[in-house]
Every structure is written in structure tokens, then in C-alpha cells.
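All remarks here apply to the structure that follows.
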There are 2 protein chains.
Amino acid sequence: MPSATEQKIIDAAVRLFASQGYDATSVQEIVKAAEVTKGALYHYFRSKDDLLFEIYRLLITSQSADMDRIIGLGLSAAETVREILASLVTSTAERVDETAVFVRELHRLGEDRMTDFRAERRRYHETFLAVVEKGQADGEFSSVVPADTVVRIALGVVNQLPMWFRPDGQKTPAQLAGEIADFVLAGLR
Amino acid sequence: MPSATEQKIIDAAVRLFASQGYDATSVQEIVKAAEVTKGALYHYFRSKDDLLFEIYRLLITSQSADMDRIIGLGLSAAETVREILASLVTSTAERVDETAVFVRELHRLGEDRMTDFRAERRRYHETFLAVVEKGQADGEFSSVVPADTVVRIALGVVNQLPMWFRPDGQKTPAQLAGEIADFVLAGLR
DNA sequence: GTCACCCTACCGACCGGTCGGTATGCTCAC
DNA sequence: GTGAGCATACCGACCGGTCGGTAGGGTGAC
């Protein structure tokens with residue numbers, strides 16, 4: 001449970017990192033935007049890197065929880081794929097800044113954290129892959145395109161969302177989620 | 001026609017920007033890796049930003065030329081989409097570093113260059129879009145998923161390629177290009 | 001009740017070091 | 001001789017991080 005000050009710092013950092021990039025954003029800028037002081041920032045975070053990592057952690061945690069919940073519903077392969085994509089697209093659309101930072105600054109993770117992260121992403125990737133493969137094995141999905149390529153495409157699309165999705169655009173996140181799910185499922189027929 | 005020195009600088013910069021990011025790479029590092037001096041770098045490029053932009057320019061120019069060439073062949077919609085994707089995927093696979101830098105550091109473009117870039121990307125996007133829309137109008141493609149979403153998905157996948165494609169992996173660029181084209185076309189049936 | 005004692009939360013001036021960029025001059029092909 | 005193609009020494013701005021200090025609230029001994 002983050003304090004109000006901590007939350008202000010994270011919010012400001014996400015916004016600035018998303019619009020300028022991590023390195024191009026100074027700690028001074030963050031504290032100014034968050035209306036706190038440097039002392040406050042370094043009271044809550046051990047380093048600028050730590051702050052970045054906290055942003056990642058919040059995002060990954062929530063995405064993994066979503067996926068686990070959907071898998072737990074025990075739906076058919078097609079329905080599971082649709083739900084996973086819909087949940088991913090809508091949650092990403094709601095947090096475009098976090099996702100933009102995440103995608104763009106991933107390489108800044110240190111050795112240890114990168115290892116942790118890769119393990120978590122691998123788990124995520126393979127859970128999704130298993131759903132597609134099961135659908136193919138059961139004959140619910142076509143096997144023309146290998147399952148791993150399908151998963152790569154599907155997750156890649158979501159990561160690119162921040163590049164073109166605009167909250168004030170014509171399509172609501174839910175609409176978009178539906179279209180993307182339709183397209184991916186069509187490719188699996 | 002860039003001189004040998006100029007080329008060495010660009011190559012080194014691409015490699016370093018791709019692995020560490022633009023801001024995290026100092027001009028000192030670049031000249032050291034390129035085995036030239038700062039004087040040489042600032043003889044050919046007006047600023048570090050200029051160097052980055054030159055990398056963009058080379059990539060965009062070649063991609064646009066590829067697309068124009070394919071459109072000029074006058075193939076069917078399906079064949080055109082397949083060729084565009086195949087060409088994009090293989091050329092991106094051959095230049096993962098450039099593409100990684102491009103995707104990651106886009107936001108660093110200044111006002112003017114960003115405007116130029118958006119115009120060029122818009123042109124690219126709409127040329128592709130026109131092909132898909134024509135295919136849908138002619139009944140060659142399904143219209144279940146709106147053309148603009150299909151184009152976004154297709155181009156998004158390519159931009160994400162550097163995140164997971166490995167030149168020493170199991171799949172050749174050509175194989176991958178085929179699979180991606182298959183999947184996109186399947187979604188258009 | 002109150003005062004000594006702490007503790008968390010926060011402040012902001014300051015530091016060593018690095019960065020992008022420049023000024024100046026050499027050298028060699030033409 | 002003169003200009004393109006570099007090399008080298010150097011500059012001022014700014015950066016992430018530190019550190020001595022403070023404000024204010026909780027708490028337990030008396």
C-alpha cells in the first residue's frame with residue numbers, strides 16, 4: 001500500500017518516462033512534476049532504477065493475475081484466447097504510459113532483475129502457448145501456422161498498442177479488443 | 001554515398017544504441033567502438049541527434065522503396081499483402097538493430113522531424129491500407145475485421161520483431177515471413 | 001499531564017563526475 | 001595554398017545521489 005507521496009512520484013515518473021524516455025528524464029523533473037522534493041523521492045526509492053523497476057513490477061503483477069484468473073475459468077480454447085486478449089488489450093489501453101515505458105526501457109533492467117523478468121514472461125508466454133496448442137490438438141484450431149508464432153504475433157500487437165492507440169480516438173478499448181480477438185481467432189480457423 | 005569513416009560511425013552507433021539505448025550511449029563510446037575520434041564524428045554529423053536521425057532515414061527510405069516496388073507489380077490483393085509482409089519481415093530480420101533503435105527511440109525526434117516522419121509513415125500506412133480495403137471491396141478478403149485494425153496488427157508485429165527474433169534461432173527469416181503472412185491472410189479469409 | 005526520547009517523513013544545498021559539443025591546429029591530396 | 005578530413009584539449013551545464021538537518025506525531029516513565 002503506497003503512501004500518497006509515493007503514488008504521486010510513481011505517477012509523475014510514468015508520465016515523464018513515457019513521453020521523454022527514462023534517461024532523458026532527470027530526477028529533478030520527476031520531483032518537480034510530483035510536487036515533492038528529492039529527499040522524499042530518495043526516502044521511498046533507493047535509486048532512479050528502483051523507481052523504474054517498481055513501475056514494471058506493478059504492471060507485470062497485474063497482467064499475470066489477470067491471465068491466471070481467466071485460465072481458471074475453464075473455458076474452451078477459443079473463449080480462453082478471446083478473454084486473454086480482451087483483458088490484455090483493455091488493461092493495456094487503460095495504462096498506455098506504463099506499457100510504453102515497459103516496452104521501451106526493458107533493456108535497462110540489470111542482470112538479476114532481467115533474469116527474474118524473463119522467467120515471469122516465459123511463464124506468461126508458455127501459459128498462453130499451451131492454450132493455443134491444446135486448441136490445435138483438439139482440432140478446435142487450425143495448425144497451419146505454428147502456435148508459437150501465433151502467440152508471438154498476438155502478444156506483439158499488444159506491446160505495440162501504445163504506439164498508436166489514443167484514449168480519445170474513435171474506438172473504445174473494448175471495441176478494439178473485440179476486433180483484435182476476432183482477427184487472431186480468424187487466423188486460427 | 002557515405003565514406004568509410006562515416007559508415008563505421010553509423011555501424012557502431014546502431015550497435016550501441018540497440019544494445020544500450022540512445023541516451024545511455026555516450027559519444028565517447030561511439031567513437032571508441034568505431035575506432036575514430038570525436039573530431040571525425042562531428043565532422044560528419046552536426047550532433048548526436050543528427051546521427052540518430054540518419055539511422056532512421058536510411059531505414060525508412062529502404063522500406064518505402066520496397067513497398068513502392070511491390071505495389072508496382074500489380075499483383076492481386078492477397079499476393080500484394082503477402083509480398084509486402086514477406087519483404088518487411090525479411091528486411092527487418094536482417095536489420096534488427098536498426099529496427100530496435102527505431103522503435104525504441106522514436107520519441108526523441110524533434111518537432112520538425114517528427115512531422116516529416118509522421119507524414120511518411122502515414123503514407124506507408126495508407127498505401128498498405130488501400131490494398132487491404134480494395135481486397136475487401138472486391139470480395140477477395142473478408143470484412144469482418146476493419147481494414148485499419150488489420151494493418152495496425154500487421155505492422156505492429158513487424159515492429160516487435162526485434163524483441164524476440166534471433167538470427168541464430170531455429171527459424172529463418174523467410175520461414176518466419178511465410179508464417180506471419182499466412183496468419184494475416186488467414187485472418188482476412 | 002507532561003516531558004524526554006525517538007522515529008518516520010521529508011527538505012534542499014551540495015558534490016564528484018560525465019556529458020555533448022567546440023575551438024584550434026595539423027596534414028596531405030590536389 | 002587551400003580546403004577536406006581529421007586529432008586533441010578543453011568547456012560549462014547538468015546529472016544522480018548524498019547528507020546534515022528538521023517538523024511533527026507517537027509513547028512510556030513519572
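Note that the structure is a prediction, hence the values are computed from the model and not measured.
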message = Please report the distance, rounded to the nearest Å, between NZ in A:Lys32 and C1' in D:dG16.
response = 18 Å

inquiry  = If we check ring pair (Phe, Tyr, Trp, His ring centres under 6.0 Å) with A:Phe102, which of these qualifies: A:Phe17, A:Phe53, A:Tyr22, A:Phe117?
reply    = A:Phe117

query = Between C:dC19 atom C1' and B:Asp49 atom CG, what is the distance in whole Å?
reply = 14 Å

ask   = Taking all atoms of both residues into account, what is the closest heavy-atom pair of A:Leu106 and A:Met114, and its distance?
value = O-CE, 3.7 Å

key: Closest contact, heavy atoms only, B:Ile30 versus B:Ala12   = O-CB, 4.0 Å

message = Rounding to an integer number of Å, can you tell me how far A:Leu16 CG sits from D:dC15 P?
response = 13 Å

ask   = Nearest heavy-atom pair of A:Gln170 and A:Gln175: which atoms, and what distance?
value = O-OE1, 4.0 Å

request  = Measure from OH on B:Tyr22 to P on C:dC19 and round the result to the nearest Å.
outcome  = 13 Å

ask   = Separation of A:Ile30 atom CD1 from D:dG16 atom P, in whole Å?
value = 8 Å

B:Lys48 NZ to C:dG21 P, straight-line distance once rounded to whole Å = 8 Å

query = If you measure from CD on A:Gln20 to CZ on B:Arg108, what distance do you get to the nearest 0.5 Å?
reply = 9.0 Å

ask   = Separation of A:Asp23 atom CG from C:dT18 atom C1', in whole Å?
value = 13 Å

key: Over all atoms of both residues, closest heavy-atom pair of A:Gly21 and A:Glu105   = CA-OE2, 3.3 Å

key: Between P of C:dT22 and CG of B:Leu41, the distance in whole Å   = 12 Å

Please enumerate all protein N or O atoms sitting under 3.5 Å from an N or O of nucleotides 3-9 of chain D, with distances to 0.1 Å.
{"from": "D:dG5", "atom 1": "OP2", "to": "B:His43", "atom 2": "NE2", "distance (Å)": "3.3"}
{"from": "D:dC6", "atom 1": "OP2", "to": "B:Thr5", "atom 2": "OG1", "distance (Å)": "3.3"}
{"from": "D:dC6", "atom 1": "OP2", "to": "B:Tyr44", "atom 2": "OH", "distance (Å)": "2.4"}
{"from": "D:dA7", "atom 1": "OP2", "to": "B:Thr37", "atom 2": "N", "distance (Å)": "3.1"}
{"from": "D:dA7", "atom 1": "OP2", "to": "B:Thr37", "atom 2": "OG1", "distance (Å)": "2.3"}
{"from": "D:dA7", "atom 1": "O5'", "to": "B:Thr37", "atom 2": "OG1", "distance (Å)": "3.3"}

